[in-house]
Amino acid sequence: MQRILVTGGAGYIGSHTCLRLLEAGYEVIAVDNFCNSNPESLERVKKLTGKSLTVYEANICDRQSIKKIFEAHDIDAVIHFAGLKAVGESVEKPLEYYYNNVYGTLVLCDVMADAGVKNMVFSSSATVYGLSDDVPFSEDAPTSATNPYGRTKLFIEEILSDLKVADKEWSITLLRYFNPVGAHKSGLIGEDPKGTPNNLMPYISQVAVGRLKQLQVLGDDYPTIDGTGVRDYIHVMDIAEGHVKALEGPRVKEGPAVYNLGTGKGNSVLEVVKAFEKVNGIVIPYKITDRRAGDVASSYADPSKAQKHLNWTAKLTLNDMVRDAWNWQKKNPNGYA
Ligand code: NAD
Ligand code: UFG
């Protein structure tokens, strides 16, 4: 049995991935400092799978704590989710983002190398395609960043590429997620943002449950089907499965292996709102407001590389995403609190 260390394991994508790993027969060791999550998520993963996992409360920037975890377990690979992810906050607190995300990754890689664990799957993002509108994005599209959060992803991708050049024993997979949404179908685990959500789906869910009054649709004058922004929404369980496939995928000799995780299909804000209303039988009040700075008109993936090399493809539909997002929200109106 392979033993996988999952950093940021209690978070939104981390908890769903821990669940899939346990179901697929892996032993899971999760490490999280709970700065943006709740230990309850992993308690529920245990309940759902009927399996146990080891959980450490630790900061990836704390070398001694991370070293101890590697000494205590014979780890085969690391899935590295731990990071801060709020774009707006990253503009206000760039040092915090560079320290946590970039320095944290440096410490983690250094400890991994010392322990002889040279296998990492890293959470990158479609944000590395910058302000380009040249959709669909394939993995060889030019990369850039428009904010400190995006730059941490770009810098970490570069650092991991340098590491692979220096030492071919490393196996590094960069997964660029598009827009992960939805929740496990049980409604026991899901996305639980702190404060007012920045992202569309949790915002809609919180309007539906009555925590927020109405959705602001951020711009309706984009060159898209109905003027609202188009994104590649992908079910979080498909994202989780992508990590299992990445662990089992081919080892690449040169450079890191880079894969988009998206459906390849874009939907507008209003299409998402309509799907949520139709599937769940709830009206979502909204008003059109100005564009949000830094938003692109359209972003969606060319997912063919992951299909070809990892035998992975997104299976769940937009209807599944809105149904599961609402199932989670209505069963947990205040998240894990
Ligand atoms: P999340 O905030 O729910 O999960 C991140 C987890 O990492 C949290 O549990 C947090 O407490 C933990 N963490 C943060 N810094 C830490 C540190 N220094 N030490 C230990 N734990 C730490 O976010 P998520 O949506 O699950 O995202 C997971 C990863 O995927 C992040 O790296 C994010 O940037 C990336 N990503 C997310 C999206 C998205 O839309 N959700 C899109 C692209 C990429
Ligand atoms: N939107 C609204 N109202 C809201 C929130 C969003 O209309 O209250 C619109 C946005 O303008 C955009 C679409 O909904 O057109 C999606 O917005 P999100 O904030 O949900 O997602 P983004 O594509 O803007 O950003 C997400 C992550 C970023 C990541 C990026 C690429 O939040 O961190 O995907 O992976 F960089």
Side-chain angles (χ1 to χ4, degrees), residues 4-23 28-60 65 79-89 96 100-101 104 123 177 179-213 215 233-241 243 276 280 282 284 316 320-337:
I4 313 298
L5 181 82
V6 182
T7 74
Y12 171 45
I13 305 173
S15 55
H16 290 79
T17 303
C18 286
L19 180 141
R20 272 303 297 137
L21 288 168
L22 290 171
E23 284 177 348
V28 176
I29 295 124
V31 48
D32 205 302
N33 64 356
F34 306 117
C35 68
N36 197 40
S37 55
N38 191 309
E40 173 65 14
S41 64
L42 292 173
E43 289 304 314
R44 297 191 185 181
V45 166
K46 288 184 201 165
K47 206 182 286 174
L48 278 167
T49 57
K51 295 185 176 182
S52 68
L53 77 167
T54 309
V55 183
Y56 287 97
E57 179 169 359
N59 189 322
I60 56 161
S65 301
I79 302 182
H80 179 27
F81 291 109
L84 301 173
K85 63 164 186 177
V87 172
E89 186 185 60
E96 207 174 299
N100 194 74
N101 294 8
S123 297
Y177 320 146
N179 289 62
V181 296
H184 186 259
K185 63 179 185 319
S186 65
L188 277 184
I189 56 171
E191 186 170 12
D192 181 19
K194 290 208 161 90
T196 307
N198 298 308
N199 300 114
L200 180 65
M201 192 67 83
Y203 205 108
I204 292 176
S205 302
Q206 292 196 15
V207 170
V209 84
R211 279 172 68 177
L212 294 167
K213 240 175 94 188
L215 172 72
Y233 298 96
I234 171 165
H235 199 291
V236 67
M237 289 311 299
D238 277 328
I239 293 269
E241 181 64 17
H243 291 77
F276 194 100
N280 299 318
I282 296 173
I284 303 296
L316 297 164
D320 297 319
M321 302 176 211
V322 295
R323 182 199 59 224
D324 293 339
W326 175 232
N327 185 40
W328 150 256
Q329 189 71 73
K330 77 175 173 218
K331 286 186 178 157
N332 306 270
N334 296 309
Y336 292 110

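For the pair Asn100 (side chain) and Glu96 (backbone), a donor-acceptor distance under 3.5 Å is absent.
Under the salt bridge (Lys or Arg N to Asp or Glu O under 4.0 Å) criterion, Arg44 pairs with Glu40, not counting sequence neighbours. Residues forming a salt bridge (Lys or Arg N to Asp or Glu O under 4.0 Å) with Glu57 (at least two apart in sequence, or on another chain): none. By the side-chain contact (heavy atoms from CB on, under 4.5 Å) test, Val236 pairs with Tyr12, Ile13, His16, sequence neighbours left out. By the side-chain contact (heavy atoms from CB on, under 4.5 Å) test, Thr54 pairs with Ile29, Tyr56, His73, sequence neighbours left out. Remark: Phe81 pairs with His243 by the ring pair (Phe, Tyr, Trp, His ring centres under 6.0 Å) rule, at least two apart or across chains. Among residues two or more places apart in sequence or in another chain, the salt bridge (Lys or Arg N to Asp or Glu O under 4.0 Å) test is passed with Glu43 by Lys46. Applying the side-chain contact (heavy atoms from CB on, under 4.5 Å) test to Ala10 and every residue at least two apart in sequence or in another chain returns Asp32, Phe34, Ser37, Ser41, Leu42. For the side-chain contact (heavy atoms from CB on, under 4.5 Å) test, residues two or more places apart in sequence or in another chain that qualify with Asn327 are Lys330, Lys331.
Between Asn36 and Leu84, the closest side-chain pair of non-hydrogen atoms is not below 4.5 Å.
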Please list, one pair per line, the donor and acceptor atoms closer than 3.5 Å that link side chains of residues 198-213 to other protein atoms, with sequence neighbours excluded.
from	atom 1	to	atom 2	distance (Å)
Tyr203	OH	Gln216	OE1	3.4
Ser205	OG	Met201	O	3.0
Arg211	NH1	Pro333	O	2.8

Show every donor-acceptor pair shorter than 3.5 Å between a side-chain atom in residues 185-192 and any protein atom, with sequence neighbours excluded, or say none if there are none.
from	atom 1	to	atom 2	distance (Å)
Ser186	OG	His184	ND1	2.7
Ser186	OG	Leu188	N	3.1
Asp192	OD2	Tyr336	N	3.1

